[in-house]
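Have a look at the structure below, then the notes.
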Amino acid sequence: MSIDEIEAVALELPEQERAELIGRLQDSITDDGLDQAWRAEVRRRVARIEAGDVEWIDGEEVLAELRADP
């Protein structure tokens, strides 16, 4: 089956199932360099929060502010 044929079949799926398929495909791709970079970035951010260099803002608060600001 070609990629075009797979795409055609996938596009016939309901939206929720297409989203699930996308997630599974993305999970199947590994990029060790990218994973390591993200881990390093997370460690850096956590260290800054723990050191008091930055303030933790709740995600829901951020989203509410973004929704309120057109």
Problem set entry | Verify same cluster id: W56, L63 (apolar side-chain graph, 4.5 Å) | no
Problem set entry | Common cluster, I57/L66, ILVMFWY with side-chain heavy-atom separation under 4.5 Å | yes
For this session: Show the numbers, then the answer: is there a side-chain contact (heavy atoms from CB on, under 4.5 Å) between Q16 and E20?
Result: CA-CA 6 Å; Q16 184 65 30; E20 175 69 21; 5.6 Å; no
Using distance only, find each side-chain donor-acceptor pair of residues 47-54 under 3.5 Å and give its atom names and separation, not counting sequence neighbours.
none

Exercise. Would you say D4 and E7 make side-chain contact, with heavy atoms under 4.5 Å?
Worked result: yes
Seminar exercise, completed: The reported gap from CZ in R24 to CD in E17 (rounded to nearest 0.5 angstrom) is 9.5 Å
Problem set entry | Heavy-atom closest contact (E5 atom, M1 atom, distance) | OE1-CA, 3.2 Å
